[in-house]
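When a ligand or atom number is given, it counts from 1 through the structure's own listing order.
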Amino acid sequence: VILRVPGDKSITQRALLLATLARGESRLRGLLGSADPRSTAAALRALGGTFGPLPADGRELRVKGLGLGGLRSPAATLDLGNSGTGTRLLMGVLAGHEDLVAVLDGDASLRGRPMGRVVEPLTLMGARFRSLQEPDRLPVEVRGGGLGMFEYDLPVASAQVKSALLLAGLTAGVPVLLTEPGPSRDHTERMFREVGVAVLTHVRGRGRRIELRDPPDAIEPLDFEVPGDLSSAAFLLLAGTLGLAGREITIRRVGLNPTRTGVLGLFERMGARIEVQGVQGPGGGSVDQGSEPVGDLTVRPAALRAVTVDHADVVASIDEIPVIAVAAARAEGTTQIRGAGELRVKETDRIRALAVNLRAVGVQVEELDDGLEVEGTDAPLRGEVDAFHDHRIAMVFGVLGAQRGNRIRVRGAEAVEVSYPGFWKVLETLREQR
Ligand code: S3P
């Protein structure tokens, strides 16, 4: 079976932001047309952007840029829906705009997530924020402008925080010098280089130093194809490994940015049979490269064994830990996942959600402060689980339920719309193959 996955969610959102800030017209292909990027796109239109609807089929979208600093105050509250990336990156962009005032809000899940991690450093840079309900939470009012040069050590390895600060520096025209404790995804740095912005990065200890020393007055438009989302492909890698289609599955043109591929290493350590082929664009481990590497993944059914997952593994596979935890339920032995405290502040508390749902279908799990212990089993797994309004929780239990012999009902299955519209159809197609 040969498949494509929808465009990368992180890269799509960055492309929309930078295209709106560019001088000239950008041409974007392969954008993800799901709920999260649609929320970001709608916010950008409310801020003055004029581009059309996101094509659902990867066709080209042209975006006329407004120039750096070209956004204007919106007439109404910006509703970012479920999108943490959209919210936090936009906070940085808005903070960098003189005289701009906006209120950001989101759905119940997003309202439960911490915003202080972005608000605090942006406040230190000079922007003004006001929590309209609870501290550290949406809704938040931002007043942009007055930013100065900024040097900051990120307390957590977070690409959203890093990107918000770099975008604030870019829009305000002030230098930003950062260190991060671990190598979080570097799509923003790569895309900055695509639009002509020099960002220097070098390895420092276990993490990195990132320097935007000389932000330009204008950025170039993008001519760019968004690769398939490895985080979406991860569900199909699990499906292929569990033998859902009864044969191999190939997924074409998946983004293989080395800051994202931790899941491939974890699967390999578990004994999965995944082949990477046809890699194009920059690859390898260097952090000083422009664009995004892509390649094809082929996965064959395999027997899995337990694995020990530490904090460094988690940073490199942050959104794929649910996939690994569910793979662990089908592996021989006990899997330990530690250093994964960040999972508690994603679209839902994913540690809790995984523990509750795995138990509900008959898997033995220990919930730890910062992770999970999962006892593998080959017994049939049956029961009802809850997506907890989290797209990735919905999908991972969808895959587990589709394995022969299992029967799992997923409550809130529509959550997949956030990142992978059509997911349930793809799963059905795979089942029909066997
Ligand atoms: C993202 C960064 C990660 C990831 C999220 C997307 C991004 O979050 O979990 O799905 O696009 O920058 P953190 O930066 O909070 O770790």
In ligand 1, which numbered atoms sit nearer than 4.0 Å to a non-hydrogen atom of Asp319? 4 (C), 5 (C), 9 (O), 10 (O)
Can you confirm whether the side chains of Ser34 and Asp36 place a donor and an acceptor under 3.5 Å from each other? no
What protein heavy atom sits nearest atom 6 (C) of ligand 1, and how far off is it? Thr85 OG1, 3.3 Å
Rounded to the nearest 0.5 angstrom, the CG-OG distance for Asp186 and Ser184 is 8.0 Å
Mode of Lys162 contact toward ligand 1 - side chain, backbone, both, neither (heavy atoms, under 4.0 Å): neither
Shortest non-hydrogen separation from Arg111 to Leu138 and the atoms involved: CG-O, 4.0 Å
Polar proximity ligand 1 side, Leu89 side, N/O cut 3.5 Å exclusive: no
Check the pair Asp229, Thr12 against side chain to side chain contact (heavy atoms under 4.5 Å, CB included), reporting the backbone distance first and the verdict last. CA-CA 10 Å; Asp229 198 326; Thr12 294; over 6 Å; no
Could you tell me whether Arg344 and Glu367 make a salt bridge, using a distance below 4.0 angstrom between a side-chain N and a carboxylate O? yes
Where's the contact between Arg14 and ligand 1, heavy-atom distance under 4.0 Å: side chain, backbone, both or neither? side chain
I'd like to check which ligand 1 atoms, numbered from 1 as shown, lie under 4.0 Å from a non-hydrogen atom of Ser10. 1 (C), 6 (C), 7 (C), 11 (O)
Out of Lys346, Gln13, Glu180, Arg88, the nearest non-hydrogen contact to atom 3 (C) of ligand 1 is supplied by Lys346
Would Leu427 and Phe235 satisfy side chain to side chain contact (heavy atoms under 4.5 Å, CB included), going step by step from the backbone distance to the final call? CA-CA 10 Å; Leu427 202 57; Phe235 300 105; over 6 Å; no
So, taking the atom named OH in Tyr420 and the one named CG in Leu32, what distance separates them when rounded to the nearest 0.5 Å? 11.0 Å
Gln160 N/O to ligand 1 N/O under 3.5 Å: yes
Any N or O of Glu342 closer than 3.5 Å to N or O of ligand 1: no
